[in-house]
Amino acid sequence: MPADNPTVTLKLSDFFAATERRGDVWAELSVLGRAWAAAVGRGQPVEAFASEAATLMSDLAPLEEFWAYPGIQLMNTLREHLARGDASAAARLASEINAALASGTYRHDPAAWEPSAQADISPSDFLPPSLASVEKHRPYFEVLSVTPIDAARWERGRQDMRKLRRTEDPFVYELVQVGSFEDTLLAVLFNGNLQAVVLQDGFAFRSRHDLSQVREFLKQAFRFDPDQLTVRDYGPALARLIHRIRPELDVYLLSERDIEGMAGRIDAGDIRRFFHGAEELMELHLAVLDGVGERYLTPYFDNLKKYAQRPIGTFHALPIARGKSVFKSNWIRDMGEFYGANLFLAESSATTGGLDSLLEPTGNIKVAQSAAARAFGGDHAFFVTNGTSTSNKIVHSALVRPGDIVLIDRDCHKSHHYGLVLAGGQPYYIDAYPLARYSMYGSVPIRPIKEALLKLKAEGKLDKARMLVLTNCTFDGHVANVKRTMEECLAIKPDLIFLWDEAWYGYARFTPFLRRRTALGAAALLHEQFQDPEYRKRYEQFKAQAGNLDPADPKLLDTRLLPDPDLARIRVYETDSVHKSMSSLRQGSIIVVKDQDFHDVEEAFHEAYFTHTSTSPNLQIIATLDVARRQMELEGYELVSRMIQQALRLRREINNHPLISKYFKVATPAEMIPSEYRSSGFDEYGSLNGTWAHWLRALDDDEFMLDPTRITLLCGNAGYDGSQFKALLAEEHDIQINKTSRNSVLVQININNTRSDLAHIIKALADMARAVEKRLAEGGADERAAFAERVRSLVEDVPDLPNFSRFHDAFRDDPKSATAEGHMRRAYYMAYDAANCEHVKLFGKDIDARLKSGPELVSANFVIPYPPGFPIMVPGQVISPEIIEFMRKLDVKEIHGYQASLGLKLLKPSALSKAGNKNVAR
Ligand SMILES: Cc1ncc(COP(=O)(O)O)c(C=O)c1O
């Protein structure tokens with residue numbers, strides 16, 4: 001049994017670090033045990049060892065309650081060894097447990113659950129199991145049993161469940177037992193390997209632990225108020241709360257009471273099945289396996305594997321299918337050897353014979369897409385095999401009609417801008433707040449979005465405003481307050497559609513902390529809110545004060561607007577590069593839809609899907625989308641918790657390191673998000689201990705928050721610009737990163753990163769810092785002056801980021817209008833006729849003269865420098881002096897849409913006046 005009076009003191013880092021911390025303590029315990037045993041052998045004093053072991057055990061004991069392994073029996077044995085001072089036996093057992101936990105052998109090796117009879121520790125105890133032995137085994141998971149039974153009888157319950165195992169079971173599981181509502185929540189938070197929870201009616205509410213902090217946390221994180229509950233509500237309320245934390249878990253309820261009545265309760269939707277008492281243990285066992293099996297099922301991938309095994313003769317295109325032309329070739333056999341046979345066996349252009357059609361799914365792709373909708377929280381999901389670039393274009397084509405106004409983040413991915421050209425929508429560009437000192441943009445605040453909607457309302461054009469497009473999170477990790485943004489927009493325009501580009505952010509669904517700040521997490525919260533009578537009351541009060549929202553009323557911009565729950569429609573589209581944050585092959589992307597009015601646009605959506613989807617989609621991408629979903633539904637919570645923990649750790653290590661932090665720094669939330677958007681005052685991740693409540697407040701209230709896993713590493717103080725530093729990391733340290741800015745690089749922590757990866761980058765930074773230090777120490781005064789000048793230029797001499805100027809009048813319906821939308825598509829196609837275009841060199845008298853005295857310079861195309869990667873000019877946009885200044889200061893080589901030898905491509909003034917005349921006629 002756990003030690004007497006164990007306590008859990010909760011720190012924010014504990015949520016993410018529990019597994020890692022456990023591993024560390026077990027490792028420490030096993031090393032300590034061996035040192036102790038050695039001291040006994042040498043006849044040295046051992047008191048210090050005994051007391052340290054007792055401290056480690058008391059750290060571990062409360063945590064261990066939430067995992068099945070090592071479990072009550074082994075913990076008791078270990079405690080007995082320690083109490084007897086049998087250091088050798090304790091060391092052996094701690095080492096065995098440590099090795100089993102680290103390697104995962106306990107998941108399939110029954111011997112790991114018994115204390116070994118072996119007398120000495122052998123080196124093989126610390127070896128991971130061979131890959132072959134791991135592969136043979138069935139997936140292992142843990143089931144949480146919440147029980148009123150006395151803890152002394154828990155072991156028997158566990159043995160009873162074990163007896164139900166059958167050789168034909170597809171999975172194997174162990175039971176973790178807790179006795180209370182509160183402990184259940186802790187187990188669900190800490191143990192990522194849980195897949196199901198069995199609630200036995202009659203369990204207690206209060207934990208045996210001192211949980212004052214946890215209670216506060218639950219209240220704040222999930223709006224959970226235990227005072228509202230009666231004993232009868234415990235089951236449904238607990239199930240609801242479990243799903244708030246981990247929606248994928250299956251929850252079962254066992255009761256001796258009237259389960260027929262309970263099953264029909266209106267609030268029992270979170271319970272998957274009800275069982276009467278313990279009379280149907282086998283049924284429960286089968287239900288648990290079935291529930292996990294449902295998430296495990298990857299219908300497309302499973303069929304593709306079967307297809308690959310069949311002796312199929314192919315008489316269609318795609319000669320590489322089955323691999324015969326590859327493996328029999330004299331010249332390209334290495335291609336087959338490199339990729340392996342399965343890639344070719346699983347290739348086909350067929351859509352029958354067990355394979356489905358992506359364009360018209362009726363079989364396993366349809367089922368796989370439904371499973372993805374379930375996992376990602378939408379009503380519909382669509383697989384896309386050409387990246388989120390295509391997903392975005394599909395959504396634009398489906399929803400935007402020529403002439404519609406689309407409010408859009410100017411800094412968004414270029415697929416949106418091109419999508420609008422194709423769809424003929426008029427972009428109404430809204431600027432994100434600039435972070436000039438890092439040469440990057442933040443995100444788009446709510447205020448200018450409201451301002452745009454109110455201006456449209458004032459001019460009677462609100463009906464043309466079709467959609468708002470925002471990036472969440474941005475490349476650099478700025479996360480919007482998605483719920484509040486939608487709320488305030490719906491208050492002005494109740495049927496506005498939202499397209500949230502979550503290309504980078506798909507994983508956020510799988511942690512309760514970030515989920516609320518995803519498109520679909522926020523949509524679910526809004527849905528709940530609109531049903532809530534309390535909200536209705538709040539809305540009525542708001543309406544009585546604010547009336548019909550007069551767009552001329554300047555106070556509205558500073559008022560938190562509330563939508564009418566009877567009018568507001570939830571119309572949310574999320575695009576997600578599964579390949580960017582989950583286990584799909586490159587280009588695997590999905591569109592997830594939660595649109596109450598989808599029936600109105602469904603046909604158009606399918607047309608748009610046909611427009612952009614290849615008729616030869618890559619089967620492996622489809623299959624890995626299916627598999628990525630399986631993984632996230634079964635281990636996403638654990639993986640994402642680990643990745644957040646690693647990101648917090650890396651931030652802390654770099655910024656607190658005495659040498660590294662002299663030259664490199666991770667930008668904090670305070671540096672990445674202006675204080676007006678952080679009402680909670682949350683300003684750094686570096687010292688999280690004890691500040692979880694603060695972070696939760698930031699998550700709920702702040703207009704923007706910084707995703708901890710996207711780490712902007714500032715390198716200007718080491719004298720490197722972003723591109724140089726990226727190259728250095730790759731060439732000298734084998735470290736690849738993605739994005740750079742003038743004086744930073746972006747380090748992304750993903751579900752694949754390990755602690756060794758963290759050590760790798762920390763070592764590289766320490767080496768580089770040492771090298772700079774040496775250069776400065778040995779290079780003399782000249783070297784130091786040159787270095788200081790280089791740093792100054794990188795850190796201080798940064799160009800201002802230009803805002804969107806305006807569309808030229810020729811592309812505006814009404815040049816006098818106060819709203820900013822323009823017909824970009826007309827400008828775009830005007831440039832297809834070379835006679836309409838001219839070039840002007842970026843440097844020289846001509847351009848200066850035109851900036852001074854006109855005629856205006858109007859861009860003929862998109863100009864997109866990398867970095868920062870957003871269009872600083874779009875077709876039809878008037879080029880301002882600020883844009884030219886920015887272009888001139890840019891020191892990047894890659895600028896799409898601009899050839900230095902020719903200069904800027906412009907629309908000729910004569911062509912513009914012709915277009916302007918037509919516009920007037922129109
Ligand atoms: C915000 C955003 N949206 C969409 C995309 C395009 O995604 P994909 O690479 O999957 O086509 C990117 C690519 O970097 C992006 O940053």
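For ligands, and for the atoms within them, numbers begin at 1 and follow the listed sequence. In what follows, residues are counted from 1 in the order of the sequence shown. From a predicted model like this one, the values you see are computed outputs, not experimental measurements.
- Ring orientation note: the planes of His606 and Phe610 are tilted relative to one another, at an angle of 30° to 60°.
- Annotation for Ala346 and Leu619: closest pair O-CD1, 3.7 Å, computed over non-hydrogen atoms.
- Of the candidates Val384, Val395, Leu422, His612 forms a side chain to side chain contact (heavy atoms under 4.5 Å, CB included) with just one, namely Leu422.
- Pocket lining of ligand 1, defined as residues with a non-hydrogen atom under 4.0 Å away: Gly387, Thr388, Ser389, Asn392, His413, Thr471, Asp501, Ala503, Trp504, Ser577, His579, Lys580.
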Show your reasoning for whether salt bridge (Lys or Arg N to Asp or Glu O under 4.0 Å) applies to Lys464 and Glu821. CA-CA 11 Å; Lys464 283 184 128 189; Glu821 75 280 6; over 6 Å; no

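- For an aromatic pair to be called close, the ring centres must be under 6.0 Å apart, and Phe498 with Tyr573 fails this.
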What side-chain donor-acceptor pairs closer than 3.5 Å can you find for residues 427-437, not counting sequence neighbours?
| unit_1 | atom_1 | unit_2 | atom_2 | d |
| --- | --- | --- | --- | --- |
| Tyr429 | OH | His417 | ND1 | 2.8 |
| Asp431 | OD1 | Arg410 | NE | 3.4 |
| Asp431 | OD1 | Arg410 | NH2 | 3.1 |
| Asp431 | OD1 | Phe804 | N | 3.2 |
| Asp431 | OD2 | Phe804 | N | 3.2 |

